[in-house]
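Below: one structure, written as structure tokens.
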Amino acid sequence: MDKAYNFKEAEENLYSKWEEAGYFTPQARFGKGDKDAYSIILPPPNASGKMHTGNVLMVAIEDLLIRWHRMKGDPTVWIPGTDHAGTETQITFEKELKKQGKSRFNYSREEFYSKIKEFVEGNKGEIVQQLRKMGASVDWDRYMFTLDPQVVKTVHETFKKMYDDGLVYRGDYMVNYCVKCGTTYSDVELKHEERQDPLYYVKYERVHKDHGEQYLSVATVRPEPIAEDTHLAVNPKDKKHAKLVGEKVLNPLTGVEMEIIGDEFVDPEFGTGIVKLTPAVDKNDYEVALKHKLPINEVLDLQGKMKGRYEGLSVNDARKKAVEELEQKGLIGKVDEKYMHSVALCKAGHKIEPMILPNWFVKVDAPKKSLKKPALDAVKKGDVKIFPKWQEIKYVRWMEEMRDWPISRQNVWGIRIPVWHRVDGHEVRLWTLFIDKNGQQHQGSIAQHYDNNFSLEEIKAGIQRVLVPFYEEHNQPQIYIGENVPVEGQWIRETDTFDTWFSSGQWPLVTLGYPDSEDFKKFYPTSVLETGWEIIRLWVSRMMMFGYYLTGEPPFKDVYLHGMVRALDGRKMSKSLGNVINPEEYVEQYGVDALRMGLIAGTANGKDFNFPKDRVIAYKHFSNKIWNMGRFLLMMREQWDKEIPRFEDLDKKSLNDEDKKILNGLNKQIEGVEGFLNKFRFADAGEFIYQFMWHEVADSYIEHVKVREDKDVALSVLTHVYMTSLKLLHPFMPFVTEAIYQQMPDHGESIMIEEWPA
RNA sequence: GGAGUUAUAGCUCAGUUGGCUAGAGCGCUUCAUUGACAUUGAAGAGGUCACUGGUUCAAGUCCAGUUAACUCCACCA
């Protein structure tokens, strides 16, 4: 053995040996049957980039659980995959395009899709390499990508089933729309940022001036759609303003009469206690408008240009103009220039405009077949357990509050919604945007395109977007749901793709070959879902809903949520702060085992924690320590010329107190590690072995062995204790333990397939 | 506005159902060292467990309140 442990050599060579020997494929060993099947689905890293520190922690924990169960002899499978991460990947890629002075509209959908695909293939390859490097004992034969054909097939079928069950519907709805990205975001995808904008107090002239003030003052940060407003609102419980309900004022820009309505959503304390209603661009206003059946005048188009009075202007230009006009009329009171308020931003950091657009929705709480109820009850009743327990609160709260889920995304990169709209009839009203053979963009109704002598084939060939206008209840357009276009009639396919989480919500099902594969029968529900707590709402909740909906069972029995790895300065890692830790640097410097074990030691109870650099270094030293313990053991065995009995054959009467003490310690190890792992207390388990091996075996017992007369007994005990400890340690630090194992006497094929000490 | 988490050695953090003479890693001090390992060994310094009150034979641990930090959710025109 070399004097020092060479982690690079071990880490380069061992993985492919394991893989080639087929150790990663599930099999029952030690007489165990399928009843102890153990399965984890790897939360697929985003194919938009490389793996980050959090991914490494995830791999470390899951590989620990997997290797542990595999050694116990359970048929064990860990299924790897990568996620297309629709929106995020498309944004990343569009940024790249922008650097080249191009945009998505320079390409047809197909071209654009294949360009992103190329980009993603590169990332996928890197992620796969990184997973190997981390020692992840995943079964590569079962690898999946979220856009693989069988995934798409299942997702389509689920959508169809849900449609038939009345659990998806198309609705006009106020969505968070980004005019720059050209897509909708769900609430949970947004960020909020504090911004400073002027708050204008606009004066509305009262029609009946017989009681007091001539004007009513209304505070607003967005005066530009005032001309399109039709109503004001006050809180009917507001003593000061209640009497205004039913009164009329004049629109400051158009002079049209506007009625004041009463609704309790108005906060009497804010501003003047009177609000203007612009239902088309404000969520509250929209809901109030629906409730009171007020007209909803569109204010913005999809490009973010104004409609109505300031047709075609940008929001900012329109705002200036509106302020100007109001000032000329003397209808602006005071202006609070330093008004701070929070603004919703999309993933790319653009300002979100609430807009009313047709969208597909998942009905999460339908009276007959609620999706969220079983998913919520399972956790409340303890059928699915969440660790650490306090995270359960977050889950329950979210589930209780969950509203219908918009699943349409205006991305190209994703699974296209399998809905066809019939266009041979009055549906020529459908709005489309397409690019013709010469690269020219055209937008408008299909009827308009026909008037301009474009055929349906030409439109379909260059289609960028289809929008279905609002229809009355009794006049719904004909749609067809399916992969292929129907033979009868003329149809155009929906251009929207599914929200990434709609497909990844079905990930445990598709990876196991739902509904009828052998894997599915054997491994569903999976044993544990291990992931970061920040995607409880985005992902965990959706998997639960789909799991129960499609199979009547939960997708997993336990959920373990690890904390977020923060930077060394205790803050979130972010590019702008420049504090992002690249795990590859640590692998290079300290080795994979040290990094994995260091991270595990940092995450005692699922709380967020600072990247534990000290621990990583400590575990690098530990690798070397145990390596040298092995070296010492071999040396001693060589120097001792008598035969050293196997521990099993040793006459136990020859043991002295020191021997008994260390053997007793070893038994406690076996019990302790198992106990900690069963309770998901990984850091405790790791620290426990660390303390034992270093301070009891090395510092104490080895020193004792040095002075022993009956070295055959002592060395027999030491060999047993050492080898057993290595097995306990293997799931934590797979490379160094295997490297040592290969040097030991009478070693088998691999420590990986050794039996777990019990 | 609502909710959650945290406050323990110089630093980063453990401390599970109350039994603690409060631990680990890193750092620090002194000494040691040729049968493995300087990525070593031995010894040691260092904490009124945020603050105030309460429950208890017993509180770092449970309860109430205060203070501070972080995070999430909802968002106000």
Side-chain angles (χ1 to χ4, degrees), chain A residues 1-5 7 187-188 190 192 197 199-202 218-223 229 232-234 265-278 281-285 288 339-344 388-394 396-398 401 533-534 536-537 563-564 566 568-572 590-591 594 598 601-636 638-640 675-676 679-681 683-684 686-688 690-691 694-695 698-700 702-703 705-707 711:
Chain A
M1 284 175 90
D2 295 337
K3 192 171 176 188
Y5 169 56
F7 66 81
D187 289 344
V188 278
L190 300 181
H192 293 269
D197 282 305
L199 180 67
Y200 302 95
Y201 286 80
V202 180
V218 173
T220 180
V221 284
R222 69 186 303 176
D229 294 347
L232 297 184
V234 296
F265 95 97
V266 181
D267 177 2
E269 301 301 318
F270 188 88
T272 59
I274 309 173
V275 277
K276 70 186 189 70
L277 295 175
T278 314
V281 291
D282 184 283
K283 242 174 204 177
N284 284 320
D285 295 4
V288 172
Y339 175 66
M340 292 298 291
H341 65 143
S342 83
V343 180
K389 183 113 172 101
W390 53 268
Q391 293 285 13
E392 209 179 281
I393 301 166
K394 282 186 184 157
V396 168
R397 171 177 286 271
W398 160 247
E401 288 173 356
W533 58 260
E534 74 275 12
I536 292 179
R537 304 172 334 131
M564 279 182 28
R566 290 184 308 238
L568 292 168
D569 59 8
R571 294 198 279 182
K572 258 190 195 178
Y590 305 107
T603 178
N605 50 10
K607 284 186 306 195
D608 294 351
F609 62 102
N610 298 359
F611 182 80
K613 188 179 175 184
D614 288 347
R615 301 270 174 173
V616 176
I617 296 169
Y619 280 108
K620 177 181 188 274
H621 293 174
F622 182 58
S623 308
N624 191 60
K625 184 74 184 179
I626 60 173
W627 174 267
N628 273 287
M629 285 163 72
R631 210 155 80 94
F632 174 77
L633 178 62
L634 286 184
M635 192 187 71
M636 292 293 279
E638 267 169 40
Q639 286 175 7
W640 189 253
F676 284 133
K679 286 190 277 183
F680 296 101
R681 299 193 64 91
D684 288 336
E687 289 282 300
F688 195 50
Y690 174 94
Q691 292 300 330
W694 198 313
H695 299 301
D699 290 348
S700 174
I702 281 185
E703 291 305 314
V705 172
K706 288 178 184 174
V707 298
K711 282 211 172 38

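Chain identifiers are assigned alphabetically (A, B, ...) following the order of the sequence lines, protein sequences preceding nucleic acid strands; residue numbering begins at 1 within each chain. In this text the structure is predicted, and so the values were computed from the model without any measurement. Every heavy atom of this structure was used, including side-chain atoms; hydrogens, water molecules and symmetry mates were not.
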Check salt bridge (charged side-chain N to carboxylate O under 4.0 Å, His left out) between [X] and all other residues, then give those that pass, not counting sequence neighbours.
X: Asp684(A); result: Arg681(A)
X: Lys276(A); result: Asp229(A)
X: Glu534(A); result: none

> Are side-chain heavy atoms of Met635(A) and Phe632(A) found at a separation under 4.5 Å?
Replying inline: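 Answer yes - side chains close enough.
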
> Residues in ring-ring contact (aromatic ring centres under 6.0 Å, His included) with Phe676(A), at least two apart?
Replying inline: Phe688(A)

> Partners of Tyr5(A) by ring-ring contact (aromatic ring centres under 6.0 Å, His included), sequence neighbours excluded?
Replying inline: Trp627(A)

> Among residues 624-631 of chain A, which contact RNA chain B at a heavy-atom distance under 4.0 Å?
Replying inline: Asn624(A), Lys625(A), Asn628(A), Met629(A), Arg631(A)

> Taking only residues two or more places apart in sequence, or in another chain, which ones meet Lys394(A) in a side chain to side chain donor-acceptor pair (under 3.5 Å)?
Replying inline: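 Applying side chain to side chain donor-acceptor pair (under 3.5 Å) to Lys394(A) gives Gln391(A).
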
> For Ser623(A), which residues count as a side chain to side chain donor-acceptor pair (under 3.5 Å) partner, sequence neighbours excluded?
Replying inline: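 So Ser623(A) forms no side chain to side chain donor-acceptor pair (under 3.5 Å) with any residue.
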
Distances for protein N/O vs nucleotides 75-77 of chain B N/O pairs under 3.5 angstrom?
from	atom 1	to	atom 2	distance (Å)
rC75(B)	N3	Ser342(A)	OG	3.4
rC75(B)	N4	Ser342(A)	OG	2.5
rC76(B)	OP1	Asn284(A)	ND2	2.8
rC76(B)	O2	Asp267(A)	OD2	3.3
rA77(B)	OP2	Tyr339(A)	OH	2.8
rA77(B)	O3'	Thr220(A)	OG1	3.1
rA77(B)	O3'	Val221(A)	N	2.7
rA77(B)	N6	Asp267(A)	O	2.7
rA77(B)	N6	Phe270(A)	O	2.9
rA77(B)	N1	Asp267(A)	N	3.4

Restricting both atoms to N or O, compile the protein contacts to nucleotides 12-16 of chain B shorter than 3.5 Å, with distance only.
from	atom 1	to	atom 2	distance (Å)
rU12(B)	O3'	Asn610(A)	ND2	3.3
rA14(B)	OP1	Lys607(A)	NZ	3.0
rA14(B)	OP2	Lys607(A)	NZ	3.2
rG15(B)	OP1	Arg681(A)	NH2	2.7

Enumerate all atom pairs, one protein N or O and one N or O from nucleotides 29-32 of chain B, separated by less than 3.5 Å.
none

> In which ranges does RNA chain B form stems of 3 or more consecutive Watson-Crick or G-U pairs, distances under 3.5 Å?
Replying inline: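 Output for stems: B:1-7 with B:67-73, B:10-13 with B:23-26, B:28-32 with B:40-44, B:50-54 with B:62-66.
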
